[in-house]
Amino acid sequence: MKYVLMFVETEEYAKELEAMAPDERDRAYQRVMQWFDDHRDKIRSGSKLQAAESATTVRFGGGVPMTTDGPFIEGKEVISGFSEIEVADLDEALRMVKTWPACPIVEIRPVQQL
């Protein structure tokens, strides 16, 4: 089954990263790279996203699409990246995500087969 993992950063987590010494931050990033390496047989694709401020949002309604700069909503949590995985079932996805070493929230969503 295919799932998308959405990695969600919080303001608090971003501040924690910022407060780390460079070598401590490097170790944190290395743990993330190791996680991706440990699960490379299940990961099909994914990317780190640019900051939420770089988003462009298109809102539909009233007959005319409206384009604005920035994220759709203001919030203290932003999706910072995603990966598509292929695993046997949700239980396997959960086991995988429970070892995630970085941002404090990972949303797991099944991919709808068209």
Side-chain angles (χ1 to χ4, degrees):
M1 212 165 152
K2 289 184 181 178
Y3 292 91
V4 170
L5 308 180
M6 290 178 279
F7 304 104
V8 182
E9 290 187 9
T10 61
E11 286 180 356
E12 183 178 312
Y13 179 74
K15 288 176 185 175
E16 288 172 9
L17 276 178
E18 184 72 25
M20 288 180 183
D23 60 327
E24 186 180 10
R25 193 174 315 117
D26 288 344
R27 285 192 301 275
Y29 289 140
Q30 183 56 42
R31 286 190 298 274
V32 170
M33 297 311 294
Q34 185 63 53
W35 185 89
F36 279 105
D37 191 47
D38 291 346
H39 299 285
R40 69 179 173 273
D41 60 321
K42 297 174 186 82
I43 297 171
R44 300 295 173 248
S45 66
S47 289
K48 173 87 171 132
L49 299 175
Q50 291 187 21
E53 297 80 31
S54 68
T56 300
T57 300
V58 180
R59 290 180 175 85
F60 298 93
V64 180
M66 184 172 67
T67 304
T68 57
D69 291 336
F72 176 70
I73 57 172
E74 294 293 324
K76 295 181 183 282
E77 299 175 350
V78 295
I79 297 172
S80 61
F82 65 93
S83 288
E84 182 178 296
I85 62 170
E86 190 165 348
V87 294
D89 53 27
L90 179 58
D91 290 335
E92 185 176 2
L94 285 166
R95 283 191 300 275
M96 183 176 166
V97 167
K98 286 179 180 179
T99 65
W100 175 245
C103 57
I105 302 168
V106 178
E107 181 177 325
I108 303 169
R109 193 174 306 178
V111 174
Q112 184 171 342
Q113 302 300 316
L114 299 177

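Everything numeric here is computed off the predicted structure, so don't read it as measured data.
Separation of atoms CE (Met1) and CD (Glu86) is listed at 10.5 Å; rounding is to 0.5 Å. Atom NZ of Lys2 sits about 8.5 Å away from atom OG of Ser45, to the nearest 0.5 Å.
No continuous path of hydrophobic side-chain contacts links Ile105 to Tyr13 [ILVMFWY only; heavy atoms under 4.5 Å]. The cluster map of Ile, Leu, Val, Met, Phe, Trp and Tyr, joined by side-chain heavy atoms under 4.5 Å apart, puts Phe82 and Val8 in the same cluster. Ile79 and Leu5 fall into different hydrophobic clusters, where Ile, Leu, Val, Met, Phe, Trp and Tyr residues are linked whenever their side-chain heavy atoms come under 4.5 Å apart, directly or through other members. Under the 4.5 Å side-chain heavy-atom criterion for Ile, Leu, Val, Met, Phe, Trp and Tyr, Phe7 and Ile43 are members of the same hydrophobic cluster.
Salt bridge Arg44/Glu84: absent, no basic N to carboxylate O contact under 4.0 Å.
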Would you list the atom pairs, donor with acceptor, under 3.5 Å between side chains in residues 87-98 and any protein atom, with sequence neighbours excluded?
from	atom 1	to	atom 2	distance (Å)
Asp89	OD1	Asp91	N	3.2
Asp89	OD1	Glu92	N	2.9
Glu92	OE1	Ala88	N	2.7

Please lay out, stage by stage, how Lys76 and Thr10 fare under the test side-chain contact (heavy atoms from CB on, under 4.5 Å). CA-CA 6 Å; Lys76 295 181 183 282; Thr10 61; over 6 Å; no

So Arg40 and Asp37, side-chain contact (heavy atoms from CB on, under 4.5 Å) or not? Walk me through it. CA-CA 5 Å; Arg40 69 179 173 273; Asp37 191 47; 2.7 Å; yes

Between Val32 and Trp100, does the side-chain contact (heavy atoms from CB on, under 4.5 Å) criterion hold? Intermediate values first, please. CA-CA 7 Å; Val32 170; Trp100 175 245; 3.7 Å; yes

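Checking side-chain atoms of Arg25 against main-chain N and O of Leu17 turns up a donor-acceptor pair under 3.5 Å. A distance-only check finds no donor-acceptor pair linking the side chain of Thr57 to the backbone of Thr68 [under 3.5 Å].
Residues His39 and Ile85 have side chains not in contact (no heavy-atom distance under 4.5 Å, counting atoms from C-beta outward).
A side-chain donor from one of Asp38 and Gln34 sits under 3.5 Å from a side-chain acceptor of the other.
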